[in-house]
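Written out below as structure tokens is the structure these notes cover.
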Amino acid sequence: MNNEEASKPLNFIETIIEEDLKNNKHSGRVHLRFPPEPNGYLHIGHAKAICLNFGLAEKYNGKCNLRFDDTNPVKEDTEYVDSIREDIHWLGFDWEDREYYASDYFDQLYEWAVNLIKKDKAYVDESSADEVAAHRGTPTKPGLESPYRNRSVEENLDLLERMKSGEFKDGSKVLRAKIDMSSPNMHMRDPVMYRIKHAHHHRTGDNWCIYPMYDFAHGQSDFIENITHSFCTLEFEVHKPLYDWFLDNIIDDPEVNRTRTRQTEFARLNLNYTVMSKRLLLQLVQEKHVSSWDDPRMPTISGLRRRGYTPESIRNFADRVGVAKRENIIDIGFLEHCIREDLNKKAQRVMGVLNPLKVTIENYPEGQEELLAAVNNPEDETMGMRKVPFSKTLYIERDDFMEDPPKKFFRLAPDREVRLRYAYFIACKDVIKDTSGNITEIICTYDPASRGGNSPDGRKVKATLHWVSAKHAVEAEVRLYDRLFNIEDPYKTEEGKTFLSNLNSESLQIRKGYIEPFIKDTEPLDHFQFERLGYFCTDKDSTPEKPVFNRTVTLRDSWAKHANK
RNA sequence: UGCCUCGUGGUGUAAUUGGCAACACGUCUGACUCUGGAUCAGAAGAGUCCAGGUUCGAGCCCUGGCGAGGCAGCCA
């Protein structure tokens with residue numbers, strides 16, 4: 001731990017860990033785990049949990065396991081385990097050889113279930129699912145005991161064995177813990193431990209036809225792996241008494257029980273202008289509202305990666321949003337701040353025009369070309385310089401010219417002079433329009449003495465524009481992304497509508513861009529700043545013949561802010 | 001009308017045995033600038049959900065309210 005870390009105030013989770021360390025509860029060990037279910041792609045909310053668990057392990061010189069919580073074969077798939085592995089590694093974390101699966105523990109769990117029956121703490125119930133639900137009561141009304149609750153140990157043992165051997169149909173029987181049907185905590189009302197599912201499991205194949213429930217697998221998995229602290233999100237808070245009940249009834253040694261893992265809950269991450277539920281993200285993918293799980297508009301880690309987010313920016317974001325128990329909604333602008341901050345330091349600068357306006361420099365010699373020196377990154381001298389070609393016919397951004405400019409518009413206008421970055425001062429002399437009055441071209445003159453961007457007489461210009469030589473420009477597809485939803489809270493809908501009605505129909509706009517030749521050899525995941533426009537990232541669809549860029553985020557734009565007022 | 005958890009600037013997170021409510025993002029000024037970017041300097045913005053109580057002193061302790069979220073899958 002460095003000094004900066006040591007002086008930073010602790011969050012409530014670090015306080016718990018340090019307290020346990022101080023009391024030597026686990027002999028100085030900190031051993032955590034990140035336990036995703038492989039039923040979907042990881043999103044930025046998971047990134048918070050990943051950074052929390054792996055980050056804490058790093059900070060306290062401990063370990064963090066990756067454990068797939070794969071107790072429900074009908075929802076899970078190896079495609080998801082592969083993506084989860086890739087995403088965590090990409091974020092920069094490593095679980096070494098500690099990649100575990102809840103399904104690794106099926107034998108042990110079964111043995112514990114048998115033991116619980118022997119202690120008369122579990123029974124086989126053959127009520128239907130509807131009956132079980134009806135008998136459970138409601139949060140305000142106690143439940144009713146099942147008619148099968150008091151079978152003999154022998155009968156229960158026999159029935160469980162036969163459930164396991166495949167004798168019964170799905171849904172016909174369950175194994176339940178015998179706890180308290182009148183508990184004020186619904187989860188303690190004889191929770192289901194095992195259900196019958198004749199389904200193929202991505203790892204255990206057809207070995208099993210009964211599968212443990214989350215509650216009967218999670219705490220025990222933590223225990224088996226010798227986890228010291230089990231961090232999960234708030235919705236599991238009401239499960240904690242059950243987490244403890246199973247372990248208390250499984251572990252016979254009181255000393256082991258005293259030091260075993262404890263669950264601590266924290267508030268999950270929420271972001272405005274997006275949704276963070278795997279179910280809804282799956283729906284967006286399946287119904288083709290987005291192209292895939294890694295569509296750059298998705299809040300998935302793979303989507304953010306493709307969008308151009310860096311691991312550092314996400315880790316920094318996770319670190320800075322902090323962790324607490326109260327519900328929170330983080331402004332997506334804060335995530336954007338984090339990526340701008342990182343890319344500002346790292347990104348290669350390049351000039352590109354996305355909405356071109358042709359400029360002819362009338363006093364520039366026909367056929368002449370020259371190379372002008374440009375800085376690759378003003379924030380990082382070591383990134384060096386490059387040459388940008390200049391010629392008589394250029395493109396500038398259409399927004400950078402106004403025939404009749406308002407008061408605070410500094411850019412190009414008739415008879416006004418501006419600088420072309422790293423090139424020359426130019427002044428607008430004429431405007432050419434088509435028959436319907438649209439501007440098709442502007443005619444400018446340049447000042448040869450201002451080569452490189454400064455005029456020897458010291459005169460100032462109020463604006464510097466980016467530009468590209470028409471002849472040398474590389475054509476590219478540029479994908480401009482915006483927020484996926486129109487409103488902060490996509491769940492807020494009119495009567496009878498779903499979150500889909502809040503989808504932003506303009507979240508993707510495709511443009512043909514003209515980029516300086518420097519980007520010719522770009523490869524997927526390269527980051528650039530297109531000067532004055534934003535940060536861009538080469539897409540995986542990109543080819544040398546047809547480069548494709550995704551806009552990660554715009555630059556901050558105080559003019560746009562002013563213009564919108 | 002049950003149980004659990006949580007209420008601190010617009011947003012998020014702090015305030016370690018009670019001691020002038022701090023930091024970040026955002027917002028607004030100004031400086032600088034070959035990116036209306038970055039950077040730098042500054043400002044506004046909460047008296048800590050409410051009401052009582054203990055105390056010289058309460059965001060923190062006590063009591064009572066109010067509000068928000070979670071819990072009734074053979075999902076996790």
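Model, not experiment: these values are computed from the prediction. Numbered from 1 within each chain, the chains take letters A, B, ... in sequence-line order.
- Proximity of a side-chain donor or acceptor of A:T300 to a complementary backbone N or O of A:W293 within less than 3.5 Å is detected.
- Counting any heavy atom pair closer than 4.0 Å across all strands shown, A:N72 reaches sugar-phosphate atoms only and no base atom.
- For the segment residues 123-132 of chain A, residues with any heavy atom less than 4.0 angstrom from an atom of RNA chain B are, sorted by number, A:S127, A:S128, A:A129.
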Using atom names, set out every protein N or O paired with an N or O of nucleotides 58-61 of chain B below 3.5 Å, distance rounded to 0.1 Å.
none

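- Nearest nucleotide to the side chain of A:M213, out of B:rA14, B:rA76, B:rG26: B:rA76.
- Among the nucleotides B:rC71, B:rG73, B:rU35, the one closest to any side-chain atom of A:H187 is B:rC71.
- In terms of the side chain to side chain donor-acceptor pair (under 3.5 Å) criterion, A:D331 has no residue partners (sequence neighbours excluded).
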Write down the protein N/O and nucleotide N/O pairs, taken from nucleotides 67-70 of chain B, whose separation is under 3.5 Å; answer none if there are no such pairs.
from   : atom 1 : to     : atom 2 : distance (Å)
B:rG69 : O2'    : A:E327 : OE2    : 2.8

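- Contacts classified as salt bridge (Lys or Arg N to Asp or Glu O under 4.0 Å) and involving residues 211-224 of chain A (residues at least two apart or in different chains) are given here: A:R33-A:D222, A:R67-A:D222.
- Among the protein residues, A:V323 comes within range of the sugar-phosphate backbone only, with heavy atoms under 4.0 Å from sugar or phosphate atoms but none that close to a base.
- Residues A:T15 and A:I330 both approach RNA chain B. Their nearest nucleotides, taken by heavy-atom distance, put A:I330 toward the 5′ side.
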B/S/- contact track for nucleotides 36-49 of chain B, protein heavy atom under 4.0 Å: BBS-----------
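- Backbone-only engagement by A:V321 is indicated by non-hydrogen atom pairs under 4.0 Å involving sugar-phosphate atoms exclusively.
- Cation-pi contact between A:K173 and A:F168: present, with separation from the ring centre below 6.0 Å and deviation from the ring axis of at most 45°.
- Base engagement by A:Y214 is indicated by at least one non-hydrogen atom pair under 4.0 Å involving a base atom.
- Scored by the side chain to side chain donor-acceptor pair (under 3.5 Å) test, A:S182 finds A:D180 as partners (sequence neighbours excluded).
- As rounded to the nearest Å, B:rG18 and B:rU13 have P atoms that lie 24 Å from one another.
- Listed for the A:R189 side chain is a donor-acceptor partner under 3.5 Å among the backbone atoms of A:T138.
- Residue pairs meeting the salt bridge (Lys or Arg N to Asp or Glu O under 4.0 Å) criterion with at least one partner in residues 376-389 of chain A, sequence neighbours excluded, are A:R386-A:E516.
- Proximity note for A:R326 (side chain, C-beta onward) versus B:rC25, B:rA76, B:rU13: the nearest is B:rU13.
- Partners of A:S172 under the side chain to side chain donor-acceptor pair (under 3.5 Å) rule, at least two apart in sequence or in another chain, do not exist in this structure.
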Expected list for residues 345-356 of chain A: side-chain donor-acceptor pairs under 3.5 angstrom, two or more places apart:
from   : atom 1 : to     : atom 2 : distance (Å)
A:K346 : NZ     : A:E312 : OE1    : 3.2
A:K346 : NZ     : A:D342 : OD1    : 3.0
A:K346 : NZ     : A:D342 : OD2    : 2.8
A:Q348 : NE2    : A:N376 : OD1    : 2.8
A:R349 : NE     : A:A347 : O      : 3.1
A:R349 : NH2    : A:N344 : O      : 2.5
A:R349 : NH2    : A:A347 : O      : 3.4
A:R349 : NH2    : A:N377 : OD1    : 3.1

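- Between the NZ atom of A:K197 and the C1' atom of B:rA76 there is a distance of 12 Å, given to the nearest Å.
- With sequence neighbours left out, A:R340 forms a side chain to side chain donor-acceptor pair (under 3.5 Å) with no residue at all.
- Using a 4.0 Å heavy-atom distance criterion, A:T71 is classed as a sugar-phosphate-only contact.
- Between A:Y194 and A:F216, the ring center distance clears the sub-6.0 Å criterion.
- Across B:rG9 and B:rC4, the matching C1' atoms stand 29 Å from one another, rounded to whole Å.
- Distance check on atom C1': B:rA14 versus B:rC23 gives 7 Å, rounded to whole Å.
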Strand RNA chain B in bracket notation, Watson-Crick/G-U under 3.5 Å with | for pairs to another chain: .((((((..((((.....[..)))).(((((.......))))).....(((((..]....))))))))))).....
